Structures are given as C-alpha cells and as structure tokens.
2 protein chains.
Amino acid sequence: MKITYKGDYALKAVLALSVRYGTGVVTIHELASEADIPLKFLEQVLLELKRGGFVESKRGKIGGYLLAKHPAEIKVGDVVRFVDGPIEPITCVEKKYSGCRDIYKCAFRGIWQDVSKAISGIIDNVTFEDLARQIKKRQEAFSYSI
Amino acid sequence: MKITYKGDYALKAVLALSVRYGTGVVTIHELASEADIPLKFLEQVLLELKRGGFVESKRGKIGGYLLAKHPAEIKVGDVVRFVDGPIEPITCVEKKYSGCRDIYKCAFRGIWQDVSKAISGIIDNVTFEDLARQIKKRQEAFSYSI
DNA sequence: GTATACTCTACTAAGTTTATAGAGTTAGTA
DNA sequence: TACTAACTCTATAAACTTAGTAGAGTATAC
Ligand code: FES
Ligand code: FES
C-alpha cells in the first residue's frame, strides 16, 4: 500500500467537499488553493473522482464540484482503492492474482493477508462524515477562541 | 508500504537460510534455483543483506552464505524495512519527515499512524524462526506421506 | 457574446524497479 | 602453481510509475 500525491490530493478534495456538503458547489480553484494542490493536477484528480462516482460537477459560470453521495456513504478506503489501487502490500495476495506457486507454498502469504485485513479494518472504518465532523468541531473551537 | 520483488527475494533468501541454520553455507546458485530468483539479482540482494548484518558470506571454493544471527533474532519487519524502506503508507508519518502543515492539521494523519502501527504489529511479531519451524513441519509431514 | 469554469488528450521530466553485464577478488585443491 | 568455484563491486539499461504541465475544447450564467 502506498498513498501517492494523487491519492493524498483526492482524499483532501473529498474531505473539503464533505465539510461543505449541502452548501452548493466549490470550484477547482478554491479547492486547489485551500489544500495547496497544483491546479492542473487537481483537475485530473477530480475528473477521475467524478468517473468513480465520488463527486459531481456543474459546468459553466458558477460551476464547480460537489459530493455525489452523503459523506457517511464514502469510506476512506473507497477513495484510496479507487485512486491508488489495491491496498495489498504485494501482488500475490491481490484478488485477481493467481500465480504465486512457490517451493515454500509461501510462508509469507499469511502475513500479507493479515496486513491487508488490518489495513482494510482501519481505512474502511472511517467515513468522510467522521472526518468532516472532526474538522467542523475544530473550526468551532477555533472561532470561539478568537 | 510496498513489498517489491527485491524485498520478496530478500525475505525468501533469509527464510531459506533460516531453515538451514546451523548446517553450513549455501551458495547463491542454490538459493536462486530453489526460490526461482534471477541469479545476478539475488547476488545484489545478498550483498545488501550482508551489509545490513543479516547474513554472512564465505568466499572461494565451498563458499556461500549463512545467517549472521539466530533466526529467532530476525523479524520479518527488520528485513522489510531494511530492503524496501519505511513501512509507513505515506511520507508524512515517517520518522524523519517534519513538513505536513495543512489547513486541516491533516485529518488523515491519525489514520496513517494507525495503519503504520497495525503493519508493525504484524511484521514485527513474526521471526524467521517461527517461519522456519512451519516449513520444517511441512517438510516432515510431506516425507511421511511418501 | 463573453467570461468563467469544467473536460479531455497529450506530453514530459524525474525517479524507481528489475534486472543484466562484466571485470575483479578470494580460497580450496590437484 | 594453476585452475576453478564462488563471492564482490560497479555500471548500465529497459520498462514502468509518478507528478506535473500544456493547451485546445465545451458548457453555462449573465
Ligand atoms: S510468493 Fe506469493 S505470497 Fe509469497
Ligand atoms: S498532510 Fe501529512 S499526514 Fe496528511
């Protein structure tokens, strides 16, 4: 498992949209400057997220992006897997792979499977609603403190 | 975290040497054919493992490799980290990294830390003695069945 | 009809991975 | 001693991935 910059950007974009869920669209430009992401790169990431059914877009003036589902219905693991691929630490234990014959019947196989399950157990147990709630709470605390 | 071929080969080589621990040296050639690893690539991997203090070598005729420590003293995680680098899923949560300022104080940081701990909890809890024992048991079972 | 914002394809520079090549060094042995 | 088996070391390269840039095209509000 490796979270690339693309994956990182995707997660941040989805989170930003989660925090704003229900308040209309947000432009790529806003998202990019807010999360400090190269604009043209973020364009591609958002298009990909759109094709993956995570976000929707509105074109033209006053266009922008918005979440395609409720934040509670998007798990961190969904975005990670969609953008950065399988979370398995080695090809052998990915779904589609069949090879992996080995004199040892691979003594490591069980380890990689355990690692996969452990990772899934974490990233599939956090939704963007959970994360957005944290953010909002922190923002409130901050505004009180002014 | 990503186990590359190099890491996979390193793990298999160390395991093969663990199974033979106490029985003298094993040549690169034997290791390579046994685990189906390109010979010249395995040479490099073994040299790296030697520099890492995992294996020792004997040169000249009847030379070869042997484990530098008792298999019980080598964890799977040690080899993985040495050969394939940090197990963290993202640079942000690696030891040395300091950057990672972010408007959200990164809501994901905790997740990546949890993932790191989960992975460590697995790969640092299996030694090559554990794995070698499994292999030997399986080999016995096999010879009985003939 | 024009400004704004999303859409799409192509391209590229840099880095990583997975090897291969070949010359050099060490040590047992006939 | 000469030979040979086996480790040592450096260089190179093809394929792939990553991270980002460029630019032309399309839709929509006003
Ligand atoms: S060779 Fe496939 S899991 Fe080890
Ligand atoms: S930006 Fe560093 S953990 Fe997210």
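Note that the structure is predicted; figures quoted are calculated from it, not measured. Each chain gets a letter, A, B and so on, in the order its sequence line appears, and its residues count up from 1.
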Salt-bridged, [X] to [Y], with N to O below 4.0 Å?
X	Y	result
B/E48	B/K6	yes
A/K69	A/D78	no
A/E34	A/R20	yes
B/D130	B/K75	no

- Message: At under 4.0 Å between heavy atoms, how does the protein contact nucleotides 24-30 of chain C? Give one character per nucleotide, 5' to 3', with B, S or -.
- Response: BBBBS--
- For nucleotides 11-23 of chain D, 5' to 3', base contacts (B), sugar-phosphate-only contacts (S) and non-contacts (-) with protein non-hydrogen atoms under 4.0 Å give -------SSSBBB
For the atom pair [atom1] ([X]) and [atom2] ([Y]), what is the distance rounded to the nearest 0.5 Å?
X	Y	atom1	atom2	value
A/I90	B/D8	CD1	CG	4.0 Å
B/E73	B/T127	CD	OG1	10.0 Å
B/L67	B/Y21	CG	OH	7.0 Å
A/C92	A/F108	SG	CZ	11.0 Å

What is the distance, rounded to the nearest whole Å, between atom [atom1] of [X] and atom [atom2] of [N]?
X	N	atom1	atom2	value
A/K50	C/dA5	NZ	C1'	12 Å
B/L47	C/dG22	CG	P	19 Å
A/L66	C/dA5	CG	P	15 Å
A/E48	C/dT9	CD	P	13 Å

- Message: Does D/dT8 have OP1 or OP2 under 4.0 Å away from a side-chain N or O of B/R51?
- Response: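 No.
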- Message: Using OP1 and OP2 only, check whether a side-chain N or O of B/S57 sits under 4.0 Å from D/dA6.
- Response: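 Answer no for this pair, as no side-chain N or O of B/S57 is under 4.0 Å from OP1 or OP2.
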- Message: Students often get this wrong, so: under 4.0 angstrom with heavy atoms, is B/I28 touching a base, only sugar-phosphate, or nothing?
- Response: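 B/I28: backbone/sugar contact only, no base atoms under 4.0 Å.
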